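Read through the structure below, which is laid out as structure tokens, and then see the notes.
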Amino acid sequence: MGYQLNFAPVWRDFDLLLSGLGLGLAMAVFAILVGCLIGLAAAFAMVSKNAVLRRVASTYVTIIRNMPLFFLIIFTYFVVPEQLGVRIGKVEAFVATLAIYAGAYLTEVFRGALLALPRGLREAGLSIGLTEWQTRLWVILPVMLRNALPALANNFISLFKDTSLAAAIAVPDLTFYARQINVNTFRVIETWSVCSLMYVTTCYLIAAGLRVAERRLAIPR
Amino acid sequence: MLISVLAISLGTLLGVGVGLVLVYGRLVPRIAVRAILEYVRGTPVFVLILACYYLLSKIGIQLTAFQAGVFALTVFCSSHVGETLRGALLALPKGQMEAAKAIGLTFRQAFIYILAPQAMRQALPSWVNTAAEMVKASTLLSVIGAVELMLVTRQIIARNFMSLEFYLIAGIIYFLINFSIERFGRYLERRVALPS
Amino acid sequence: MSEEASLETPVLQIENLHKKFTHVEVLKGVDLAMKSGDVVSVIGSSGSGKTTMLRCVNMLEDFQEGHIRIDGEEIGYLPGPDRKPKKEVEVARQRAMTGMVFQQFNLFPHMTALGNVTLGLTKVKKLPQDEAVAIAEKWLARVGMLDRRGHYPGQLSGGQQQRVAIARAVAMSPKVMLFDEVTSALDPELVNEVLNVIKALAGDGMTMLLVTHEMKFAFEVSDRVVFMNQGRIEEQGKPEELFRNPQSKRLAEFLKSAQF
């Protein structure tokens, strides 16, 4: 074989890889924030009394959850602009898709957390004179979000990993630069081991950080 | 489609081995497997696929894009299956093994007749989930050129300039596959559920 | 072996049993011998080592010193100073010589009541299926569970599950039955149905070693009661003597707090 490990070409472009990592994180953060809003709305819709709302929300969740993310990305980036005759930037198209995608998974997370709440919680809120919306905002939401936090953390980590797909439409993220360096330098092993190690480490740090947050926010008992 | 089926089957087989080592293995192999597992699970599938494709060809194993894809997805699948199986086995009450031993079963017998059937029931929902994940992940293989539904669609579009219809059809096919997997999984779960 | 010799060989003999959990010594030299047909109850506060002793007999725990013999056969370890554990198959065979009933029942949830009882018969004793079913049905009938043979554990009450667990153990025709606080996890109204089954087995002449908190039951069913305290047997004797006239201060205190 006689393959000599040489990390120098990878280190030379390490700032590119780092900038890619940063972009990926930023896209993931944005997507989870927007996704949370979509997810919350859809989750409340799914447990509402209105049958139409329930239908709309569950159709959205079923369709998105059963579609490959890659397909959705290609669809928004190539097909939608072509059909509507508008131009969408790569990053914008990707982040929008990721948010819609995340929203469907988060709906399930929030719905589960809502259903797990004791029935008495809402009734207690109403009984002290809060309106339905006030109860949701001040009683149900704070408790439910805490319970959903571990699942939320997992979702965020997988979203961050999913940002690697952005490279497929040439968004300059970590994977994109890794491929570029790979093609330019042929330092295959070095490039991909550094690239995946960066993902692994970041995921690990995110997980650790969110666990700390979880403990801080936990309701004492 | 064949890619997914192959990867799920091979990945499940490998994953069962991974899970067994994680629970019953000696210290050194257990730590080694755990380290590889953490690495694979922390890496995005897409990176895994690209890395497998470029790496394997670099170290002299000439694989087609198809084979490299199956390899990458198998590794990915086995990491999920291994973790699931580990969780399912550890979730079983300690008394089950003790009761099995108490009536004189050997470890092997206890595993085959008592632990495995219960762990499999427990692991079923996650396994179905993993299977659906694999089908979705297989779309990524179009990037490295394995002939796969997504790529076929893109080729047809390139020839015909009739993108919307074809993308819609491809989308519907994916949806139907995943949807049926999910439904089938739920059906299976109900079938093997224990009456109570 | 002559008739007399076999009468002299205890069915279960525990000799100088020592057991350590990492640094804590929970059994500090226990001696106990049981003849065929003996019913012995072990009482004592929690942490006295009574459950651990029972689990050692079934080799669910290892032990560092001493010997356990069943029908004269050395359990668990090969003879010799280095105390090498016996082979797994051998240990499994020896485990089948004792029948263990657990506090938490530990029925196999994916098998019917009948399946729970036949498993050991077909896999350990290698009996053909129809013979195993016949034996299992006989014992399920004996514990009053024959009509529920097709039920899964999840469909049975705690008392019913425990009766199936007893059938599962006794169907292997063990030399000694071991009962580990078998009514502690049951609702009060379900305790008696299980105790009655055990009483009936005792009436059949089954050799039984019971760890129990049911003082009244221990009094009624036992030939001998053993009081354990801090890893040792503090006192033993016929139930009437032991309960009416405890010699040691600790036993007197224990009996007072047990209020029966």
Side-chain angles (χ1 to χ4, degrees), chain B residues 12 16 19-21 23-27 29-30 81 84-128 185-196, chain C residues 54-55 57-61 87-112 115-126 136 150-157 161 164-165 167-174 177-180 185:
Chain B
T12 303
V16 169
L20 290 182
V21 172
V23 180
Y24 301 116
R26 284 169 202 281
L27 192 67
R30 196 169 72 221
V81 172
T84 307
L85 188 65
R86 186 189 80 98
L89 282 172
L90 291 183
L92 294 178
K94 226 176 90 215
Q96 287 296 312
M97 190 49 141
E98 289 186 350
K101 283 182 174 174
I103 58 169
L105 295 179
T106 59
F107 176 83
R108 246 179 72 117
Q109 287 175 318
F111 184 81
I112 295 172
Y113 300 115
I114 307 301
L115 299 188
Q118 294 184 57
M120 268 154 60
R121 276 193 183 77
Q122 182 108 31
L124 189 66
S126 314
W127 185 79
V128 171
R186 274 192 215 162
Y187 163 78
L188 264 187
E189 221 175 299
R190 249 179 294 127
R191 267 299 299 277
V192 302
L194 297 169
S196 64
Chain C
L54 208 64
R55 290 168 59 88
V57 175
N58 205 240
M59 284 165 287
L60 292 173
E61 306 284 354
K87 284 213 193 76
E88 197 206 347
V89 180
E90 183 64 9
V91 170
R93 187 187 63 80
Q94 292 191 327
R95 277 202 180 103
M97 297 179 8
T98 56
M100 181 87 167
V101 184
F102 298 86
Q103 185 177 351
Q104 298 295 342
F105 334 136
N106 293 343
L107 286 185
F108 307 131
H110 60 301
M111 295 176 174
T112 60
N116 265 276
V117 185
T118 52
L119 183 72
L121 296 169
T122 54
K123 302 306 174 200
V124 179
K125 296 207 148 181
K126 316 277 187 205
H151 286 53
Y152 286 86
Q155 301 170 302
L156 301 174
S157 75
Q161 290 191 49
V164 174
R168 175 174 73 182
V170 78
M172 299 293 289
S173 38
M177 283 287 286
L178 310 169
F179 293 87
D180 184 12

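Just so it is clear, the values below take in all heavy atoms, side chains as well, and ignore hydrogens, waters and symmetry mates. So that the names make sense, note that chain A is the first sequence line, chain B the second, and so on, each numbered from 1. What you are looking at is a predicted structure, and each value in this text was computed from that prediction instead of being measured.
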Below 4.5 Å, heavy-atom pairs only: which of [options] has the largest tally toward chain B?
{"options": "C/Met97, C/Lys125, C/Arg55, C/Gln104", "result": "C/Arg55"}
{"options": "C/Arg168, C/Met172, C/Gln94", "result": "C/Arg168"}
{"options": "C/Ala171, C/Ala169, C/Pro109, C/Gly154", "result": "C/Pro109"}
{"options": "C/Met100, C/His151, C/Arg95", "result": "C/Arg95"}

Check: How close do C/Lys123 and B/Gln109 get, heavy atom to heavy atom, and via which atoms?
Finding: O-NE2, 3.0 Å
Next item on the list: Heavy atoms only: give me the nearest B/Ala99-C/Phe102 pair and the separation to one decimal.
Entry: CA-CE1, 3.5 Å
Next item on the list: May I ask you to list the residues in residues 111-120 of chain B that approach chain C closer than 4.5 angstrom, counting heavy atoms only, ordered by number?
Entry: B/Tyr113, B/Ile114, B/Pro117, B/Gln118
Check: Could you name the residues of residues 85-98 of chain B that have a heavy atom within less than 4.5 Å of a heavy atom in chain C?
Finding: B/Gly95, B/Gln96, B/Glu98
Does any heavy atom of chain B fall under 4.5 Å from the side chain of [X], the backbone, both, or neither of them?
{"X": "C/Phe108", "result": "both"}
{"X": "C/Leu107", "result": "backbone"}
{"X": "C/Met111", "result": "side chain"}

Margin query: Nearest 0.5 angstrom please: C/Arg93 CZ to B/Thr106 OG1, how far?
Written below: 14.0 Å
Chain C contact via [X] - side chain, backbone, both or neither, heavy atoms under 4.5 Å:
{"X": "B/Leu105", "result": "both"}
{"X": "B/Arg121", "result": "side chain"}
{"X": "B/Ala100", "result": "both"}

